[in-house]
Undergrad: 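My structure is below; once you've seen it, I'll send some questions.
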Amino acid sequence: MAKTDSLGQFEQLVLTAILALGDKAYGVTIQEKVEEFSKPKSVSLGAVYVTLDRLEDKGLISSWLSDPTPERGGRSKRYYRLEGLGERALQESLTTAQRMVAAVEEVWGALPIPGRKKWKPIRQN
Amino acid sequence: METHPPELIEAIVEKLIPPACREHVLGDLCERFESRSQYVLDALRTVPFVIASQVRRTFDIAVFLSEASALYIGFAAASLAGGPGFLYDHSAFLPIALVMAVVLIVFTLRDAYADRNDRSEQRAAFDVWLALALAYASQGSMRLLHPQWLLPAWLMSLGVVINLPVLFLLRRFVQNNRTDPAAVAGAAAASLDELKRRAVWAHSRAWTLNWTWLALSVAVFYSTVNLLSLAFPFVFLVLGWFGGRPLPATFNTDEFTLSLAGFLVVCACWFVLRSVNRRAAQALQKEIDELDKQERGKS
């Protein structure tokens, strides 16, 4: 399997947002999703565009323009979709993150992931 | 209650956004509209990123260096009218660098805002005229702000006359050989035709850059040739200086520093050149591999 470029944290967030949104992934929804993921940090629309452009240049995602809609002043939406290369890059990032989580949990115990009970770090003396 | 941004504000924002991303960015901003102030703030926070991203996408280091070299060579050639050592004697390097910076910034922004499908002569001519006109205008403001950094009027005019046709031809060449960055990316499963196109493009780009670098090296060599007898080999001069030996009486430190800077620029450009050559070789290799694969498939 060919090697893929390693992703930055924000790139991972944007790719995950595109994956989660499916066929509804365009500028505004991606920005909202990324902001939801990175709470309490706020995310600007401009930063999302820059990352989307970069990911598209790397061939990790592709985009196309929809038909114009009246609620947007008669302007089109640019929809984004994950490409095979993007899926692979995201999988690699997640595998790395899982390894990190496992290593940290071995020392600190279960991490406070949403849905789990309160985090009780185990201190080793 | 307003549901859409005011037309005037939207028209201003529209003009600021590069055409390649204008449609969807304006639509997204319109969709997020809540109030005038929110829209303006949103636009102010978004548009600089969008411009920067478009500049990054359209910026080509090979083209940039070619244009910078052409400008420098043009002005250096023009300065010969004032005598061989004019640039050194009148400390004209900084004024030339400022003029070059203005022209290169205009070209970079024009590339970001241009229609990628417009490969007409008019566009190339307009770009060059606009850049050189703004360079002239910058000289006007320099006269008011910092007269020491002003280029002599005859040098500016002669430099512009020399650079006009050179930059026009260069931009025409670039226009005709440019590929869409989005098309270059994502080479996961490109067709043989696409690989061929990329290989041809990478090859011609590498050639342009190689020749440009050679021209730049020759220009730097000839503008420093009178120093060679004094400062070559450089290491002996420096060792002697550290050992307490005085520098030769005719040795000009400014002149020498500028020559050294020119030499270092040429060296730094070589690294860019090497990576461009490697990329061209890779593009050719990909095409050859694909041809081999197809041949094996047939047999």
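Reminder, nothing fancy here: chain letters follow the sequence lines and each chain counts from 1. The analysis underlying the following values was restricted to heavy atoms, covering all of them including side chains, and did not include hydrogens, waters or symmetry mates.
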Undergrad: Which of the residues B:Glu10, B:His4, B:Arg32, B:Gln54 is involved in the greatest number of heavy-atom pairs with chain A at under 4.5 angstrom?
TA: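 It is B:Arg32.
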Undergrad: Return yes if some donor-acceptor pair links the side-chain N/O of B:Glu31 with the main-chain N/O of A:Arg72 below 3.5 Å, else return no.
TA: no
Undergrad: So which heavy atom on A:Tyr49 is nearest to which on B:Val25, and how close?
TA: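 Heavy atoms of A:Tyr49 and B:Val25 come nearest at OH-CA, 3.7 Å.
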Undergrad: Is any side-chain heavy atom of A:Arg78 closer than 4.5 Å to one of B:Asp28?
TA: no
Undergrad: Under a 4.5 Å heavy-atom cutoff, which of A:Gly86, A:Ser44, A:Ser63 has the most pairs with chain B?
TA: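 Of A:Gly86, A:Ser44, A:Ser63, A:Ser44 has the most heavy-atom pairs under 4.5 Å with chain B.
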Undergrad: Quick one: what part of B:Ala43 sits under 4.5 Å from any heavy atom of chain A, side chain, backbone, both or neither?
TA: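 For B:Ala43, neither part sits under 4.5 Å from chain A.
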Undergrad: Show the numbers, then the answer: is there a side-chain contact (heavy atoms from CB on, under 4.5 Å) between A:Asp53 and B:Arg57?
TA: CA-CA 8 Å; A:Asp53 285 348; B:Arg57 285 187 120 178; 3.4 Å; yes
Undergrad: Starting at OG of A:Ser76, measure out to CD of B:Glu23 and round the result to the nearest 0.5 Å.
TA: 4.0 Å
Undergrad: Using a 4.5 Å cut-off on heavy atoms from C-beta on, say whether the side chain of B:Leu29 contacts that of A:Leu45.
TA: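 They are in contact (side-chain heavy atoms under 4.5 Å apart), so the answer is yes.
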Undergrad: For B:Gln294, look at atom CD and say whether over 12 heavy atoms of other residues, nucleotides or ligands are found less than 6.0 Å away.
TA: yes
Undergrad: Before you tell me yes or no, could you show the steps for B:Glu14 and A:Arg75 under salt bridge (charged side-chain N to carboxylate O under 4.0 Å, His left out), namely the whole-Å CA-CA distance, both residues' side-chain angles and the distance that decides it to 0.1 Å?
TA: CA-CA 12 Å; B:Glu14 186 176 353; A:Arg75 295 201 163 85; 3.7 Å; yes
Undergrad: What distance separates B:His24 NE2 from A:Tyr80 OH, expressed to the nearest 0.5 Å?
TA: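 Atom-to-atom, B:His24:NE2 and A:Tyr80:OH are 4.0 Å apart.
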Undergrad: How long is the span from the SG atom in B:Cys21 to the CG atom in A:Leu52, to the nearest 0.5 Å?
TA: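 CG of A:Leu52 is found 11.5 Å from SG of B:Cys21.
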